[in-house]
Structure formats: C-alpha cells, structure tokens
Amino acid sequence: MSLKTKRIENYPAWYQCVVSEADMAENAASPGCMVIKPWGYGIWERIQSLMNEEFRETDHENAYFPLLIPFSFFKKEAEHVEGFAKEMAVVTHSKLQEVDGKLEPAGELEEPLIIRPTSETIIADSFAKWVKSYRDLPVLINQWANVVRWEMRPRLFLRTREFLWQEGHTAHASADEAETETKRMLEVYRKTCEEFLAMPVIEGVKPEYDKFPGAVDTYCIEAMMQDGKALQAGTSHYLGQNFAKSAGISFINKENKPEFAYTTSWGVSTRLIGGLIMTHADDEGMNVPPRIAPYQVILVPVIKKKEDEEKVMTYIRALSSELKSHTPFGEKIRIKVDARDKQSVDKFWEWTRKGAPIICEIGPRDIENNALMVKERLKVGQKEIVLKDEFVSSIEKRLADIQKEMFEKAKSRMENNIRNDITTPEEFKAYFANSNEWIEDGTQGKVAFVRGKWSGDEQTEEILKEMKIAIRCIPFNQTGTTGKCLLTGKEATLDVIYARSY
RNA sequence: CGGGAUAUAGCUCAGCCUGGUAGAGCGCUUGCUUUGGGAGCAAGAUGUCGGAGGUUCGAAUCCUCUUGUCCCGACCA
C-alpha cells in the first residue's frame with residue numbers, strides 16, 4: 001500500500017503527504033511557520049556539514065550576525081529596501097504589561113528593529129568597520145541563520161515565514177575578484193545539489209528584472225521537479241559597489257587612493273529539502289540519497305520468540321560494528337539499529353516512507369545462514385538474502401551505486417523534458433497551453449522546460465506574466481545562434497530556460 | 001492581502017438542514033494469538049465540537065464577529 005495521495009492524482013497534496021508520512025516537518029502553532037522534525041532536520045544537518053566542508057575548502061569562515069537589524073539600515077540601499085519592504089517583520093515594542101487584566105505590548109522602541117529577511121545591510125555595516133586597507137581584503141564570511149519573510153501562502157520547506165539558510169557575504173578589492181567569487185560559490189551550489197542531493201541543476205544568470213534587490217548580477221541554479229516545474233535551488237549575487245557605498249565599506253587601494261569594496265552574497269535554504277522531495281520521493285514516500293541520509297542503513301530485528309531476542313541483538317550489534325569499519329564517501333557510516341518494541345513490518349514501512357536508503361531485516365533464520373535480508377529503498381518491493389560478509393564488504397559500493405542511480409534517474413528525467421525544438425511563439429503557446437502533470441521517469445516528454453530564444457524586450461515581462469511562465473535563467477552554455485524570440489517572434493540570439501515555477 | 005472552501009477524538013470524517021446526554025473507522029493502551037511482509041480477536045482510554053459574543057429553558061447544530069488550515073490569485077529562497 002502506498003501513500004494516500006499519488007503523484008498522478010494531485011501533486012501538491014502528494015507533496016504534503018510525503019512530508020507528513022516521512023515525519024519530516026509539520027505546521028507550527030505560529031502561523032506560516034514549520035516545526036522541522038528530526039528526520040527533516042537530520043537532512044538539513046547533513047547539508048550543513050557537507051557545505052561547511054566546501055566553504056572551508058574555499059577559505060570561508062563561519063560567523064554570526066544579529067537577528068534584529070536597526071530600521072535605519074534599510075533606508076540605505078534603495079532597491080534593496082523596495083524589494084523586501086512588503087515582507088518584513090518589524091519589532092516595535094520591548095515588553096508586555098498588564099492593562100485591565102490583559103497583556104499588551106508596551107515600551108515602544110524609539111527605532112523599530114527589523115527581523116532579518118537577509119543580512120546584507122547589517123553585515124555590510126560590520127565589513128565597513130573591518131576593512132581599512134586592501135590588505136584587509138578579501139573578507140570571506142558565511143553564516144548559518146534563520147530569516148523571516150512575511151509570506152502569505154506558506155508551504156512546508158518551499159515557502160515558510162521563517163526558514164533556515166546559509167548566507168555567504170564577501171568583500172573584495174576588485175570587481176573581477178568579486179565576480180569570480182560569485183561564480184565560484186555558484187559552482188559550490190551546483191556540486192552540493194548534484195553530488196550530495198543527487199539533484200541535477202541548470203546554471204545561469206537571472207534576467208535583469210528578476211535580480212536580487214540591490215544586485216548587479218544574480219546567478220542561480222534551477223532544478224526540475226517531477227511535475228516539470230522549476231525550483232530555484234540556490235542563488236549567488238554580485239553586488240558591485242552598491243552595498244559598499246551605502247554602508248561605507250571603503251579601503252585604501254594599492255595606489256593609495258580610497259575605493260569602495262566589491263561585495264557578493266549567496267545562499268541556499270531549507271527549500272533544498274523541498275526540492276529533494278520533489279526530485280526523489282515516490283508514491284511510497286520519501287527517498288533520501290545516501291550522502292545526505294541521516295541514517296544510511298537501518299537494521300531491523302525480526303524476533304519471533306522472546307528467547308531469540310538476545311541471539312538476534314548480539315548478531316545485529318556484531319554486524320553494526322563490522323559495518324562501522326567502512327567509510328562510504330569517505331565519511332563515517334550512519335547506522336540505526338531500530339530495536340523499538342514494534343512489529344518489524346511496521347518498522348520496515350516507516351523507514352520506507354522516510355526514505356532510508358538501505359533497510360536490513362535480521363531474524364533467527366539469517367543467523368543460521370550467517371546472512372541478512374537487504375532491501376533498497378530505490379527498489380521498493382524487492383528483497384535479497386545476502387551473506388553477512390558479502391554485505392559488509394559491499395556496503396560502500398552499494399551506497400555509491402544508489403547515490404549514482406538516483407542522480408542519473410533525475411538527470412535523464414530533466415534532460416528528456418527540456419524541449420529545444422520549439423522555435424516559434426505559436427508552438428511555444430501550444431506547448432504551455434497544457435498544465436504541468438506528474439512526469440513519469442522522463443522517457444516521455446511532458447510540459448516542463450523549454451530552452452529557446454528571448455529578445456530581452458521589456459514587453460516580454462508582461463507576456464510572461466499573462467502566460468504564468470517565467471524565464472528561469474539565461475544558461476551559461478549559450479549556442480550563439482539566432483532565431484525567433486518565443487514571446488515576440490523578433491530576431492534574438494539569447495538562449496533562456498522557460499518554465500512554470502515554484 | 002483579495003476570492004472560494006473548511007474547522008467535531010492523535011488522524012479521516014459522520015452528526016448540523018429540522019436545537020434536546022458526543023459518534024464511527026483508523027490509530028493509541030492492555031491481554032492473548034500472530035509475526036520473513038503494511039496482522040487477528042477481546043477489553044479499554046481519549047473531546048471546552050477552532051475561539052468570542054448573541055438568540056434560547058436548552059446550541060456542535062441558528063445568528064454575528066474572529067482565528068487557523070486548504071485551493072485559486074498577487075508576492076516570494
């Protein structure tokens with residue numbers, strides 16, 4: 001029996017079903033906010049730990065800046081303010097007091113504080129203090145934090161009022177160096193998505209009108225969900241001197257002249273987990289790639305009679321310690337012995353819904369044969385009896401194969417659903433006339449992405465809005481050919497990715 | 001923040017029209033039987049009927065207001 005709602009029936013309902021059945025998160029008492037439960041948070045911790053290594057490799061250091069930002073900081077960068085004004089949570093009072101038996105906010109602040117929707121302004125303020133000379137540059141900082149944006153239509157992991165993310169902020173002595181940094185971090189994001197989350201992405205730059213407020217250039221990675229819609233998985237911004245000017249990050253350059261620094265910022269959020277779900281989950285529930293699974297191998301005892309219990313548990317402990325001598329992906333293996341007092345079948349299905357990569361069941365019969373029953377989440381419904389030694393020695397390969405297969409499955413689905421043979425506005429319109437549906441494994445094309453020409457005219461923004469289509473990005477690998485703009489029919493050379501999006 | 005739907009047990013929902021002691025299934029607890037594939041039987045526990053006000057002898061039910069959730073828009077990592 002699978003999930004209550006299947007992908008093909010109702011994709012958004014299916015998504016919610018996966019989140020709750022996999023016990024990853026739930027709606028919190030505070031409206032629009034979520035409680036991230038251990039299995040969901042465990043995935044986030046894996047993302048954090050792998051990304052921290054990448055950040056260290058690229059010379060970044062973690063630091064922490066405050067949640068509350070002085071209101072005045074938001075008056076400084078005009079575009080930035082305008083971009084975030086409509087979704088900011090504002091702290092105006094410092095205490096509660098009882099009036100006529102009712103608690104009321106009191107102690108109104110002289111200057112309100114903004115709960116950070118992002119930290120460019122307050123970090124730039126610090127950078128201004130830290131940077132005096134070209135010798136102080138570059139400054140390469142990352143912070144793991146929560147941010148608040150007052151969303152009106154929340155969805156677990158994809159859009160909540162409070163979410164977790166990392167935001168990198170750097171300052172450089174030259175525009176070139178800052179631009180290189182922007183692209184370098186986008187590459188880190190690509191690697192994170194493709195190698196760790198097994199989620200293929202398209203790298204590119206956002207069109208002018210869709211840039212981060214205050215940025216000179218916004219780069220992004222876009223992933224294709226199983227319903228063919230696009231999800232922005234990460235962004236990296238080259239901010240030029242915009243924030244340096246408004247916050248006063250200036251330094252004396254090698255020519256002994258004052259100059260404003262060049263800054264960047266880049267981030268990925270818990271939204272990645274939403275992307276992970278819509279990339280890998282199926283009608284049985286979640287499916288987590290081994291590299292980011294909080295537990296890679298689940299050991300479930302199958303105990304028929306009470307007197308078998310000790311024998312089985314001893315065998316499992318031995319198996320567990322043998323497995324621990326292995327280091328899949330160069331890391332400590334993550335094993336969970338599920339000895340809860342529940343039926344083994346129930347435990348099996350629970351881990352299946354959570355998407356643990358490998359679930360092993362071990363009972364008296366296996367002990368006799370020095371074997372165990374192995375089930376891989378990717379091949380749900382199949383089971384194999386494997387000799388214990390054989391399983392232990394093959395564990396690294398098994399996990400690596402699963403990781404690879406998950407990526408390749410997602411990649412071929414994406415590639416098979418990017419149309420690049422649409423060359424006229426008429427064909428384009430006809431293609432998007434149908435709604436997105438669940439895309440099977442990608443062997444047959446459905447409504448998803450179109451890669452085609454765009455003239456860049458201002459009027460196209462309006463056409464896109466009407467059609468509810470977005471230009472997701474201008475991919476890095478341009479063909480340079482000319483053709484008809486798919487929106488206006490005018491001659492154009494720029495290749496873009498058109499899609500519906502989350 | 002606009003338009004629609006909805007709110008009853010942990011979950012899915014019935015009851016409301018026509019006011020009169022709060023219901024079912026699943027889940028949970030206990031016991032026995034089962035256990036290599038999402039168990040069976042028996043017994044048991046569980047509710048400020050989203051919240052506030054009103055009408056009434058009496059409100060889950062009728063009226064007013066309010067809040068949450070879901071869907072559709074606008075906005076967005």
Side-chain angles (χ1 to χ4, degrees), chain A residues 1-5 10-13 15-17 20-21 26-34 82-88 116-119 145-167 189 206 210 212-213 218 220-223 230-237 265-275 284-285 300-306 308-309 312 341-353 359-369 371-375 380-385 435 465-466 468 470 501-502:
Chain A
M1 197 172 75
S2 49
L3 297 181
K4 267 182 227 138
T5 311
N10 183 340
Y11 198 82
Y15 174 83
Q16 288 185 72
C17 201
S20 73
E21 289 295 311
E26 62 192 22
N27 281 316
S30 347
C33 297
M34 65 175 161
E82 204 184 314
F84 284 103
K86 277 177 270 176
E87 50 182 19
M88 288 203 279
R116 62 180 162 221
T118 178
S119 303
N146 56 340
V147 289
V148 169
R149 297 178 188 178
W150 214 255
E151 299 297 341
M152 289 306 165
R153 220 180 136 184
R155 294 183 68 182
L156 292 174
F157 290 118
L158 296 172
R159 196 185 297 106
T160 47
R161 285 198 179 152
E162 179 189 18
F163 58 92
L164 306 183
W165 76 348
Q166 61 66 220
E167 47 179 329
Y189 289 164
K206 284 283 180 195
D210 200 20
F212 173 76
T218 288
C220 63
I221 47 173
E222 295 287 328
L231 182 83
Q232 183 175 299
T235 50
S236 185
H237 317 290
S265 69
W266 25 274
V268 300
S269 71
T270 36
R271 176 180 253 197
L272 280 180
I273 298 174
E284 294 288 348
V300 179
V302 177
I303 297 161
K304 291 184 180 181
K305 301 177 205 129
K306 199 79 188 162
D308 289 331
E309 187 173 339
V312 171
D341 180 20
K342 285 194 174 187
Q343 281 208 99
S344 51
V345 228
D346 290 342
K347 290 193 256 188
F348 165 70
W349 285 107
E350 187 180 319
W351 288 112
T352 298
R353 287 193 301 271
I359 305 167
C360 302
E361 287 168 316
I362 298 120
R365 207 186 301 164
D366 303 300
I367 299 175
E368 273 168 40
N369 303 324
L372 65 154
M373 184 177 282
V374 179
K375 294 164 170 177
V380 71
Q382 289 181 37
K383 54 186 178 184
E384 49 174 332
I385 305 279
S435 62
K465 223 171 197 178
E466 263 170 49
K468 288 172 197 159
S501 64
Y502 276 97

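Values in this document were obtained by computation on a predicted structure and should not be read as measured data. Keep in mind that the numbers below use all heavy atoms, side chains included, and drop hydrogens, waters and symmetry copies. Below, read A as the first sequence line, B as the second, and so on, with proteins coming before strands; counting in each chain starts at 1.
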Within the 4.0 Å heavy-atom criterion, would you say [X] contacts the bases, only the backbone, or no part of the nucleic acid?
X      : value
A:P364 : base
A:G363 : base
A:K342 : nothing
A:R353 : base
A:G32  : sugar-phosphate
A:I303 : base

[N] to [M] separation - [atom1] atoms, rounded to the nearest Å:
N     : M     : atom1 : value
B:G40 : B:G47 : C1'   : 29 Å
B:A14 : B:U29 : C1'   : 25 Å
B:U48 : B:A42 : P     : 29 Å
B:C49 : B:C13 : C1'   : 13 Å
B:A59 : B:C17 : P     : 14 Å
B:C70 : B:G50 : C1'   : 15 Å
B:G2  : B:U46 : P     : 42 Å
B:U21 : B:G58 : P     : 15 Å

Does any donor atom in the side chain of A:H237 or A:T218 lie under 3.5 Å from an acceptor atom in the other side chain? yes
Got a salt bridge between A:E222 and A:K206, using NZ or NE/NH1/NH2 to carboxylate O under 4.0 Å? yes
Note: A:E21-A:R353 ion pair, threshold 4.0 Å (strictly below): yes
Between [options], which one does the side chain of [X] approach most closely?
X      : options             : value
A:Q16  : B:C71, B:A39, B:A77 : B:C71
A:V345 : B:A77, B:A39, B:C71 : B:A39
A:T160 : B:U35, B:C71, B:A77 : B:A77
A:Q232 : B:A74, B:A77, B:G36 : B:A77

[X] vs [N]: side-chain N/O to OP1/OP2 distance below 4.0 Å:
X      : N     : answer
A:K206 : B:A77 : no
A:K468 : B:G73 : yes
A:N27  : B:C70 : yes

Heavy-atom closest pair, residues A:E284 and A:W349: OE1-CZ3, 3.4 Å
Would you say the base of B:A39 and the side-chain of A:Q343 have a donor-acceptor pair closer than 3.5 Å? yes
Can you tell me whether the side chain of A:R149 and the base of B:C76 have a donor-acceptor pair closer than 3.5 Å? no
Applying the Watson-Crick and G-U wobble criteria at under 3.5 Å, what pairs with [N]? Answer none if nothing qualifies.
N     : value
B:G2  : B:C72
B:C17 : none
B:U29 : B:A43
B:A7  : B:U67
B:C62 : B:G54

Beyond-backbone contact of A:W266 with A:E167, side-chain heavy atoms, under 4.5 angstrom: no
Sub-4.5 Å side-chain heavy-atom contact between A:F163 and A:R271: no
Taking for A:F157 and for A:D366 the nucleotide of RNA chain B with the nearest heavy atom, the one nearer the 5' end belongs to A:D366
Name the residue closer to the 5' end of RNA chain B, choosing between A:E162 and A:P154 according to the nucleotide with the nearest heavy atom. A:P154
